[in-house]
Amino acid sequence: MKPASPFLELEGNPKVPVTFDGDVFELPLGANLAAALLAAGVQVFRHTPVSGAPRAPFCMMGACFDCLVEIDGVVRQACMLEVTQGLCVSRPGTGEATDATE
Amino acid sequence: MQQNDLIVIGAGPAGMAAATEATSHGLTVTLLDEQPRAGGQIYRDVDRVADKRGDILGKDFTYGRTLTGGLRASGTTHLTGAMVWSIEDGFRVSFTKDGRAAQITGSHILLATGALERPMPVPGWTLPGVMTAGAGQILLKQSGVLARRAVLVGSGPLLYLIAAQMVRAGTPPMALVETQTRGDMARAMRDIGGAMRGWPYLVKGVRMLATIIRARVPRYVGATDIAIEGRAQAEAVTFNVAGRAKRIACDTVLLHHGVVPNTQAARSLDVPHRWDDGQQCFVPELDTWGGTGVDGLFIAGDGAGIGGAKVAEMAGRIAAIRIAEAVGRLTVQQRDARAAPLLRSRASDNAIRPFLDKAYPAYQPALTPEDATIVCRCEEVTAGDIRRYAGLGCLGPNQTKAFGRPGMGPCQGRYCGLTVTALLAEANAQTPEQTGYYRIRPPLKPVTLGELAMMDTPEPDAAE
Amino acid sequence: MRSYSAFAVAREAARYHMGWERAWASPEPKKKYEVIIIGAGGHGLATAYYLGKNFGITNVAVIEKGWLGGGNTGRNTTIIRSNYLQDPSAAIYEKARSLYETMSQDLNYNVMFSPRGVMMLAQTQHEIRGYQRTAHANALQGVTTEWISPGRVKELVPIINLDGPRYPVLGALWQARAGTARHDAVAWGYARACSDMGMHVIQKCEVTGVRQEGGKVTGVTTTRGDIGCDKLGIVVAGHSGHVADMAGFRLPVESVALQALVSEPIKPCMDVVVMANTVHGYMSQSDKGEMVIGGGADGYNNYTQRGSFHHIEETVRALVETFPMISRLKMLRQWGGIVDMTGDRSPILSKTPLEGCFINCGWGTGGFKAIPGSGWGMAELMAKGQSPLTDAFSLDRFKEGRFIDESVAAGVAH
């Protein structure tokens, strides 16, 4: 289910399923990942490693690192990525990034 | 691997114009940019969205296609999605593209890394739903995503621009909470002479304001005591205006009180910087051409000091002409002849800056925030922490890292550096210049160890 | 000086830690001191501290160009161990390690000493022989180390890959009571204790010359004026050659940048320190959760406090083979420290040709672990003219050929 979003999307590109923290969202193919997640109603992208405070995109230009998400075990900036088919995104839990059994 | 005559970092107006100009003189140029498509932040994704949203974003935005088109036709090697994380003397540039690290070499570097929004640490600024005004504009430009219930907070032309764009997009902001005062405007009038030389900017400003006023967007001028309320998400902006407390409930808060040069790359190469009192930030020390104290290293665009897109474009071309001369493609006479008109129009486009700097000054309480406000977003260090370190004997920004880690998170000080300098300067009764700034080292942005381990290195390395 | 206690911490926590006073004073330099130490890093401050504590010499100034602990003390990977091969080395490093165990109590300052254990991986046949020999030598010296099997290595470090094609793990030299400490706190703790004894720790004061009369040191010239002294200690690590030059003698050291980096923080996954000397790398996990990785020295001499990536790349490439999980970790920060290395990879603690002037340098890549032992010995040397801890490390050894070869135990410094 798509939650109510504080953001409005002006256009409707073809959508593809993207998993974020277990939930499946239909996001516009090729769109900026951070923008698409915001438009889809995702409000909290991560929790800080220091106090666990919630964070979401702040600068949208790759400078602030508040939109960090985890993809394929690597913590990356959502605002610097584009939506691709079947993308699997999660909130960076400190440590889930690395699987000691590799 | 072929040695480049010029490596340009950043595909905004300065970078695109420089690469285009340099290749026109026969230089071998590689342009590295983090974004998937050229444009920088000001012309973000202009090729994809100019047709879709040109009416909302305006002619100043769609103009960017002239630059992207010029770049495409120029023969520049444009590496998109390339995140530069190290520049070593000589020059060897390390970057990551498509999950792989690689290096290229060049005899000249032009840093066109643009600006960052001036950090605006007010209570609650780390909450989800709070963004820079630039971020709000990028959402609109690139993705056609608009905040339904947004309040714009701060001061400056960009605040009016995004408000006007939101109006045109049919979702006006709920309010403009502006921090400049009528007194600031009165002081700025002393520079009206310069402003008149830049009259097209004034006309644009008046038009933007007219759009905002016609849409009946409430404006609160001279706001103080700004804070953002909310638990897990921004819920309201509170402030004082003319002695009255106000509260506006909203979902999104867009902050802006000016932009400052992004000096990370220049600092990592030990380019000397000086404090600019007018713009309240550090700027690199440059010659007319954008040349730094480091041989072969040039800076153009807002990274050299805030001037805006047109100034950036001209500065990019001016630097490219100088570099073309340095590699022997132009004589000194040719260089000077070609650069003269550009230098003149750059000066005229810069003329409005003193007026703007005074009319829309930074919001003072966000330069040295109150104790409880977070200053370093990454490591969650507050202004009170920084003052306490000063009280314990901390002498400079680099030493604060040992006390409490500000500037040591992934953003590497981009959004706390100026605030930490200001707080220490105040506490130690020094100037920002005396206090200094973080020492910036590579990696300019975090890089995975796997990428580092698998790096493609240029040929000269193999001979070592 | 206020004493730190659990009560004080609780009280200050309740009032936002605004009541802590400065831990050290920032005095104006006097005209003259009995002893001046150049360099307020760990070694310089420890020297001053033990001059006061062990010999009652408190008319001391520690002069620092930057800020205290801002050089290699604040730049190292905080490893503390004493598994060296030669007797004089084992003596001074083991003295240091044992002083670290009680340092927090001694200084009334928490230096967060963590005796988590340090292992040195043997990844070649050559290293197996070298480390087994070290283990025997340590047994004779009274330093507790043991040779452990690959299976035991895997037990201690589950994230390790024993079967790398280029760098298999064939065993390790294990020192269980070695570990790490908080580097800044070591400098701060000593500075606070020195200040408490009435010594002057003078920051942002650069020495520009060494004054002498009739072959005897009389003081220094600095950016804050001339300061006199009877005895001078030069304790400036990577800049030793430079300051020795001012004092009119030369040193058999070369300065190189040693590199280190840290990753983003992750959940606890490795609770020991692992050194892989064949590949010039060592790694531990900080309290914050960052993986702290030390790399090799640059291949050429220089004074830049930053690394070069084509060099550190080699180290990381090899470490990724041994620790596959780290390949997806982001490197957040990387830096260099200037270390001064001698030909035999052992330090110099010595009188100099200039009477009254002493030098403490040449710690190469291993200075942090030695701080308290080095300060203890250097203080004795300066107070009494000789010390059993430092006698073997005199400058004369290079003239007389009495080298103390530690190129294996020193780890990456070759």
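Just so it is clear: chains get the letters A, B, ... in the order the sequence lines come, proteins before strands, and each one is counted from 1.
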Taking the side chain as every heavy atom from C-beta outward, state whether A:Pro6 and B:Arg148 have any pair of such atoms under 4.5 Å apart. no

Pick one: which of A:Leu38, A:Val44, A:Val42 meets side-chain contact (heavy atoms from CB on, under 4.5 Å) with B:Pro128? A:Val44

Please identify which of these residues, A:Asn13, A:Leu10, A:Asn32, meets the side-chain contact (heavy atoms from CB on, under 4.5 Å) condition with B:Ser143. A:Asn32

For chain B, which residues from residues 55-64 of chain A lie under 4.5 Å away (heavy-atom distances)? A:Arg55, A:Ala56, A:Pro57, A:Phe58, A:Cys59, A:Met60, A:Met61, A:Gly62, A:Ala63, A:Cys64

Closer than 3.5 angstrom, by distance alone: can the side chain of A:Glu9 be matched with the main-chain N or O of B:Gly144 as a donor-acceptor pair? no

Is any side-chain heavy atom of A:Phe7 closer than 4.5 Å to a side-chain heavy atom of B:Thr252? yes

Contacts of residues 132-140 of chain B with chain A (heavy atom under 4.5 Å): B:Thr132, B:Ala135, B:Ile138, B:Leu139, B:Leu140

Contacting moiety of B:Arg48, where chain A heavy atoms sit under 4.5 Å: side chain

For A:Val50 and B:Cys378 the tightest heavy-atom approach is CG2-O, 4.1 Å

Side chain / backbone / both / neither for B:Glu379 at chain A, heavy atoms under 4.5 Å: both

Under 4.5 Å heavy-atom distance to chain A, tell me which part of B:Ile56 shows up: side chain, backbone, both or neither. side chain

Whatever's closer than 4.5 Å to a heavy atom in chain A on B:Glu117 counts as neither

Should A:Phe65 and B:Arg377 count as side-chain neighbours, where that means a heavy-atom distance under 4.5 Å? no

Choice from B:Arg53, B:Gln35, B:Arg149 maximising heavy atom contacts with chain A below 4.5 Å: B:Arg53

Any side-chain heavy atom of A:Leu8 sitting closer than 4.5 Å to one from B:Val145? no

Atom OG1 in B:Thr448, atom CZ in A:Arg76: separation rounded to 0.5 Å? 9.5 Å

